[in-house]
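Structure first, then comments.
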Protein chains: 2
Amino acid sequence: MSRPSELTRHSLIEEAINVFAAKGFAGGSVRAITKKAKANQAAINYHFGSKEGLYREVLKVSIEAFSEKTLLHAGTVENLPREEAVRLFVRQQLQPLLSNSRVSRYVRIFAWETLSPSRVFQDYVASEQVPMLVLAEKIVRRYAPADASREEIMVKAIWLANQSGAFVRNFASLSRPPVSLSVDQGFVERLIDTIAALAIAALSAPSPRERSQRGEG
Amino acid sequence: MSRPSELTRHSLIEEAINVFAAKGFAGGSVRAITKKAKANQAAINYHFGSKEGLYREVLKVSIEAFSEKTLLHAGTVENLPREEAVRLFVRQQLQPLLSNSRVSRYVRIFAWETLSPSRVFQDYVASEQVPMLVLAEKIVRRYAPADASREEIMVKAIWLANQSGAFVRNFASLSRPPVSLSVDQGFVERLIDTIAALAIAALSAPSPRERSQRGEG
DNA sequence: TTGGAATTGAAACGGCAGTTTGGACCGAAT
DNA sequence: ATTCGGTCCAAACTGCCGTTTCAATTCCAA
């Protein structure tokens, strides 16, 4: 593959990350992507086979980069106090909100997928492990008793993975009525503290099953 | 307005609720709605002015019915133990999941809106109060100290309102890999208990601000 | 019963979507 | 210098979308 073709390929992926982060897979058009990437409309089909093929590449890049370049890795989660792991987990999703960093775009892409998963994403999570859910599961297990059911673990993992989602998705509308909050760096920091504290308190409490086992139900 | 025209109007709204609940506003087409309602494609524009006009009507019907026909009203929330209010709040969103009731369709429409709000919905929440957020705010206030900031209240209200959202949105994928849970009535009951317990424990804990005021930060 | 308004109907319009086409271009090997 | 595979481009294709048109029909009051 020659130099100029790789440049086209690369800038297509780059702009696709921007467009899909802003509008989701269904809402992002190939025309918008090729226009921003200064490429021809046919380029996506030529290089990636289809819009779905391009998105598959975007997801691969995003998921790999997200799990490598972020605060919390699957390896480090075991070596932290469990409260600190929760805080970092929340932080790595909310902190990028105010920035235009690469990571913030990955987080937004994942937020779109948690709302209405694309076929590409569904295929991906069915075959390969999704770092965010794996992380959430690891953290939840550190709070759960040894005899917790898989159902309870998975439910809590899904719950934890989605604790920040509402704010990521609706970040723009937080500053508009009827919420009308002033959204700045300080707000995001307080938001991280609040959500992390809520999650920690929730996970620390005994589950309904544990309470009923102790005759407290 | 004559009888048959009202019949067309009514069945259009009825089928629109089904279609929008299944596919969201953007994903639901007027062709699908008019076909199911056995009406002409032009009927929507004739009776409601536009697709948006129909959706405005659907939202109005859904929000009114949801706040009237559900377990928890703005009036009753003050007269219950606050833990019970949380449980009912969670229950009224999760219990309809397994059924095909009207309410389940309303919940699904709201779930679509929390993911990517339509212009119609944004206009609605900017002008009229949304029952679900009002309820969440009332419940949060019962847990918050008297001097809690509006920011903290609103953040926690948004948080509470979205506690069930992940499961409503991804309900269908819970039974598929990699989650692979068996989803039946018993599961939904346990899910309600688990989520409600998590939310109650979270709200009951002192916020980071309170802890730092006590010198525990 | 009749006249006019309300409603329905089939078809077309204009726009945007993803994709395909076929030729132009280019760089490197023959 | 020519050939050839890889790449790029403008344009067109197909399909779905929401909307509009306008004639046909239905309804109801006069």
Side-chain angles (χ1 to χ4, degrees), chain A residues 1-59 109 112-113 116-123, chain B residues 1-59 109 112-113 116-123:
Chain A
M1 188 175 298
S2 68
R3 187 62 44 82
S5 82
E6 276 195 7
L7 211 147
T8 302
R9 229 187 102 93
H10 180 263
S11 63
L12 278 176
I13 293 180
E14 203 65 13
E15 295 301 335
I17 290 175
N18 292 335
V19 171
F20 288 143
K23 306 200 162 192
F25 173 65
S29 72
V30 301
R31 281 175 170 81
I33 295 168
T34 52
K35 186 176 177 183
K36 286 211 171 190
K38 298 191 204 309
N40 190 266
Q41 283 186 30
I44 286 177
N45 297 80
Y46 179 78
H47 284 281
F48 304 96
S50 65
K51 183 191 181 186
E52 284 201 350
L54 170 60
Y55 191 59
R56 206 168 294 124
E57 206 62 29
V58 165
L59 275 185
I109 289 177
W112 279 103
E113 288 297 342
S116 92
S118 64
R119 227 170 50 82
V120 176
F121 186 77
Q122 287 183 39
D123 292 349
Chain B
M1 189 174 297
S2 67
R3 187 63 44 82
S5 81
E6 276 195 6
L7 211 148
T8 302
R9 230 187 99 93
H10 180 264
S11 63
L12 279 176
I13 292 179
E14 204 65 11
E15 295 300 335
I17 289 175
N18 292 335
V19 171
F20 288 144
K23 306 200 162 191
F25 173 66
S29 74
V30 301
R31 280 174 170 82
I33 295 168
T34 52
K35 185 177 179 182
K36 286 212 171 192
K38 298 191 205 308
N40 190 266
Q41 284 186 28
I44 285 177
N45 298 81
Y46 178 77
H47 285 282
F48 304 95
S50 64
K51 183 191 181 186
E52 284 201 350
L54 170 60
Y55 190 58
R56 207 169 293 124
E57 206 62 28
V58 165
L59 275 185
I109 288 177
W112 279 103
E113 288 296 343
S116 94
S118 64
R119 228 169 50 82
V120 176
F121 186 77
Q122 287 183 40
D123 292 348

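Remember, it's a predicted structure, so these values are computed and weren't measured experimentally. In what follows, chains are A, B, ... by sequence order, proteins preceding strands, each numbered from 1.
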Spacing of A:Phe48 atom CZ relative to C:dG18 atom P, expressed in whole Å: 15 Å
B:Ile13 vs B:Phe48 side-chain heavy atoms within contact, under 4.5 Å: yes
Interatomic distance where CD1 belongs to A:Ile33 and P belongs to C:dT19 [whole Å]: 11 Å
ring-ring contact (aromatic ring centres under 6.0 Å, His included), paired with B:Tyr55, selected from B:Phe121, B:Phe20, B:Trp112: B:Phe20
Pairs flagged by salt bridge (Lys or Arg N to Asp or Glu O under 4.0 Å) wherever residues 45-57 of chain B is involved - sequence neighbours left out: B:Arg9-B:Glu57, B:Glu52-B:Arg56, B:Glu52-B:Arg119, B:Glu57-B:Lys60
Out of C:dG9, D:dT19, C:dT19, whichever nucleotide has its closest atom nearest the side chain of B:Asn45: D:dT19
Contact residues, residues 18-25 of chain A to DNA chain C [heavy atom, < 4.0 Å]: none
Between C1' of C:dG18 and CG of A:Leu54, the distance in whole Å: 12 Å
For atom CG of B:Leu12 and atom P of C:dT7, their distance in whole Å: 13 Å
Tabulated below should be each protein N or O lying under 3.5 Å from an N or O of nucleotides 23-25 of chain C; please produce it.
none

Rounded distance (Å) that lies between atom C1' of C:dT20 and atom CG of A:Asn40: 12 Å
Report, one line per pair, each donor and acceptor closer than 3.5 Å where one atom sits in a side chain of residues 21-38 of chain A; sequence neighbours left out.
residue, atom, partner, partner atom, Å
A:Ser29, OG, A:Ala32, N, 3.1
A:Thr34, OG1, A:Val30, O, 2.8
A:Thr34, OG1, A:Arg31, O, 3.2

Atom pairs under 3.5 Å: protein N/O with N/O of nucleotides 12-17 of chain D:
residue, atom, partner, partner atom, Å
D:dC17, OP1, B:Ser29, OG, 3.4

Closest non-hydrogen atom pair, B:Asn45 against B:Ser50: ND2-CA, 3.9 Å
Euclidean distance, atom NE2 of residue A:His47 to atom P of C:dT19 [Å, nearest integer]: 15 Å
Pairs meeting criterion salt bridge (Lys or Arg N to Asp or Glu O under 4.0 Å) with involvement of residues 10-22 of chain A, two or more places apart: A:Glu14-A:Arg102
Between P of C:dG27 and CD of A:Glu6, the distance in whole Å: 16 Å
Atom pair distance, as rounded to whole Å: OH in B:Tyr46 and C1' in D:dA24: 14 Å
Euclidean distance, A:Ile17 CD1 relative to A:Leu12 CG, rounded to 0.5 Å: 11.5 Å
Pairwise 5' ranking along DNA chain C for B:Lys38 and A:Ile44, keeping only the more 5' one: B:Lys38
A:Ala42 versus A:Asn40, closest heavy-atom pair with distance: N-OD1, 2.9 Å
Touch class at under 4.0 angstrom, heavy-atom based, for B:Ala43 against every strand present: nothing
Phosphate OP1/OP2 of D:dC8 contacted by A:Thr8 side-chain N/O (<4.0 Å): yes
